[in-house]
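A short write-up of the structure that comes next.
Numbered from 1 within each chain, the chains take letters A, B, ... in sequence-line order. Values reported hereafter were calculated over all heavy atoms of this structure, with side chains retained and with hydrogens, waters and symmetry mates removed.
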Protein chains: 2
Amino acid sequence: MELERATNRSVRRRNRSALLWKLFLDGPLTRQDLARSTGLSQPAVSNVVSDLIDEGLVTEAGVLESDGGRPSMRLRIAPRFACVAGVDVGETRVRVELFDFAMTLLASVEYPLQPGGTDPAVVAGHVLAGIDEVTSRATVARAELLGVGIGVSGVVAQGPEVVVHAQTLGWDGVPLERLIRAGTDLPLHIDNGAKTLGQAEMWFGAGRGARHAVFALVGSGVGAAIVTNGVTYRGASSSAGEWGHTTLVYGGRSCRCGATGCLEAYVGAEGIIDRYRQARRGRPVPGVDEESQLTELIAAAESSAVAQRVLDETAGYLGAGVANLINLFNPERVVLGGWAGMALGTRLLPAIREAAARQALRQPYAQASIEVCRLGVDAVALGAATLPVAGLLAAGGTRE
Amino acid sequence: MELERATNRSVRRRNRSALLWKLFLDGPLTRQDLARSTGLSQPAVSNVVSDLIDEGLVTEAGVLESDGGRPSMRLRIAPRFACVAGVDVGETRVRVELFDFAMTLLASVEYPLQPGGTDPAVVAGHVLAGIDEVTSRATVARAELLGVGIGVSGVVAQGPEVVVHAQTLGWDGVPLERLIRAGTDLPLHIDNGAKTLGQAEMWFGAGRGARHAVFALVGSGVGAAIVTNGVTYRGASSSAGEWGHTTLVYGGRSCRCGATGCLEAYVGAEGIIDRYRQARRGRPVPGVDEESQLTELIAAAESSAVAQRVLDETAGYLGAGVANLINLFNPERVVLGGWAGMALGTRLLPAIREAAARQALRQPYAQASIEVCRLGVDAVALGAATLPVAGLLAAGGTRE
DNA sequence: CCACTTTAATAACGGCGTTAATTAAGCCCT
DNA sequence: AGGGCTTAATTAACGCCGTTATTAAAGTGG
């Protein structure tokens, strides 16, 4: 347990934080709303709010209509208070986006990556160039930039210095933080891309309002973000949620991670396409890349029994994988995302639910709804950008 | 996020809680120790401590030697402050234990259960009778009893009223809380037995000092307790950690839960023995119950290649199951427990580690140590008894 | 017995939320 | 237009509680 000590000042910090979170997620709200929902007294709310307004974190935004009685003032997070950058280091591209404090997109750039091995220094260069690019396009000064959040598709090990392991990028122990730090002194928040996407869905998408949710991301790789008690679960070294490499078929297909029977080897885009190829007795699947091949498979399922069977099997594997998440985490919500997950989701959702119902225990299954994500793949950058914001809100709006 | 408001009073409650936890887990300690470790000023510590002493929660316990300077006073949780009862509702017995506030065992009783279907009312009766029995044996008055913690082997769904689903007991939706509540007005804390055992190991056993740990329990059934950030993770309806019914062998052996390929069907005692029986071409395994049959199997492995192979396979399955926990939770520690887990553990640990290393991702695997539990099977009751204590400590020592 | 050291307790101070009482700012009705 | 009513926001008095600075207590060693 090991609680931290509390002082009188920490009371204020905590209440500032509570009001800021509330306004950020549910705003605009009136002082009365805040008092009611937090349980604070009205004077306390007024006091804190007036500080927040003075500091530019919050602004008044028009009065509400009233039918008798003084009309109440709507309060909201000040969009102009600061900006944040969000970066998506994906398998095929680096995408940098700039947001204001209300998470409105101000500008974005994208740098394609060569498939296969990618030089970490090149990626770091793209990140730095991207930040320069979006800030200059939106004419945002360095001082207005609160921080940079970076979502990387791979295992992001937090420690004294963030180190990234990403098989699909050919990275093993890349000190990405150090590489980027060399070019900027902005606060950096580096995290796994699945986790940042989960964060985005949590705040603005299918996760809103849930305390316990699991975001199952299916793309070329397979990962998950686990939100427990409203907070992304990271584990000892921040690599929790590696769902794709859990064993689903003991002794089964070999996976690029070196193990056998991993979920990813069955329901990752590559695995699906490879199973389809095998079902076609080795005939290659038409399409220039995995994305078009998967589209081809889904289209073929309308007429081809073989394609249909492959999809059915995919739903079975995916459903069992989801059932494992439900049994282990007992979430209120399971959200299916990732580009392949979205492509499959709408079509396979009933079959996935059915398979999950078969494999999960009844009680936790009944507690969980299984849905498709709302925000799409670009949400990795949005979620990454929430990291500095979350840090500031949690600290009560004071940059330490 | 939704933080709770903070008031001046909550500062004191929080600091009381911090000092109590510290004393409870690491005591005895001096006021100076407390000030140093919590960061509170010395007067604040003295102030709070003097309240706690007045209220009987803490006692002074002798002075420390000094070589110059006033010797400091050792402080400890007062063992006589209150008592707690811990109950283990297992598959074969109900065990009730009574502890003082320092978790020293004062008395215990055990009531055997008929194998197969068990009447919930009978169990509730045993619990109530057990509480009467241990309190009268230890001559503890009702008012001294802080509460009762109950660990049940099954899914314990927290809600407005606790409901238990336990296949091995033949229970489906049993309102155990209501049944027990009918016979007592003591504060009741009902939880899954694996979780209470994990709690016990966390405070007094193999989990001490870890922030992120997973307790893998293997008995007749298979379960897990997941501790994240020092707190047992419960999920939306408190049924998180149902590791035994995660799919490990897609389409594999059928499990008593109705699904196929569950981990429990392979490494639960029943599953192991059944696999051994099959390997012996159907010849039954000698032994009157699962426990002796498993012992027989382990003994046979010394000379029999068949038995050896069954154990090796068990280690493989178990290792893969542990690898899944490591990939998903990224714990510092994985603790293997349960009666079958302990019987197998010492012998199979190297093979389990090896299998886990094969199936888990390298980075999270390297973060996790895999160990055997320290406290044994009776720790379910001990862990259950910690529940009322944890509640009191978290509330700063005030019964709400 | 006195100098020195370390622990524990007081005292003065300041931050902050709470309740109760005002003040502000609108609607409605005559 | 202007009182009466309602709701929002601010001000005032009060009390809790941790902090720093100071003093008292309780030892050792020469």
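Atom CG of B:Asp54 and atom C1' of C:dA9 are 14 Å apart (whole Å). Between A:Arg70 atom CZ and C:dG26 atom P there is a gap of 8 Å when expressed in whole angstrom units. Distance B:Arg31 CZ to D:dA24 P: 19 Å, rounded to the nearest Å. Atom-to-atom, CG of A:Leu75 to C1' of D:dA9 comes out at 11 Å; the value is rounded to the nearest Å. As a whole-Å value, the separation of A:Asp33 CG from D:dA9 P is 9 Å. Between the CE atom of B:Met73 and the C1' atom of C:dT7 there is a distance of 10 Å, given to the nearest Å. Going from atom CG of B:Asp51 over to atom P of D:dG18 covers 9 Å, rounded to whole Å. If you measure from atom CZ of B:Arg13 to atom P of D:dG18, you get 12 Å, rounded to the nearest angstrom.
Contact check, B:Ser46 against C:dA8: no side-chain N or O comes under 4.0 Å of OP1 or OP2. OP1 or OP2 of D:dG18 sits under 4.0 Å from a side-chain N or O of B:Arg12.
Using a 4.0 Å heavy-atom criterion, one finds that A:Gln42 contacts the bases of the nucleic acid, with or without backbone contacts as well. A:Asn47 comes within 4.0 angstrom of nothing in the nucleic acid, heavy atoms only. Note on B:Ser72: only backbone sugar-phosphate atoms sit closer than 4.0 angstrom, heavy atoms only; bases stay farther off. Looking at heavy-atom distances under 4.0 Å, B:Ser41 makes contact with a base.
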Short N/O separations, protein against nucleotides 11-14 of chain C, under 3.5 angstrom:
unit_1: C:dG14; atom_1: N2; unit_2: A:Asn8; atom_2: ND2; d: 2.8

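Between the OG1 atom in A:Thr386 and the CZ atom in A:Phe99 there is a gap of 9.0 Å [rounded to 0.5 Å].
Within 6.0 Å of CZ in A:Arg36 there are more than 12 heavy atoms belonging to other residues, nucleotides or ligands. Atom CZ of B:Arg80 has 12 or fewer heavy atoms from other residues, nucleotides or ligands within 6.0 Å.
When each of A:Pro71 and B:Arg5 is assigned the nucleotide of DNA chain C bearing its nearest heavy atom, the one mapping closer to the 5' terminus is B:Arg5.
Distance alone, capped at 3.5 Å, is enough to place a donor-acceptor pair between the A:Ser37 side chain and the A:Asp33 backbone. Here the side chain of B:Asn330 pairs a donor or acceptor atom with the backbone of A:Ser237 at under 3.5 angstrom. Side chain of A:Arg208 to main chain of A:Trp203: a donor-acceptor pair is present (N/O by atom type, distance under 3.5 Å, no hydrogens or angles). For B:Arg76 (side chain) and B:Pro28 (main-chain N/O), no donor-acceptor pair under 3.5 Å exists by modelled atom type.
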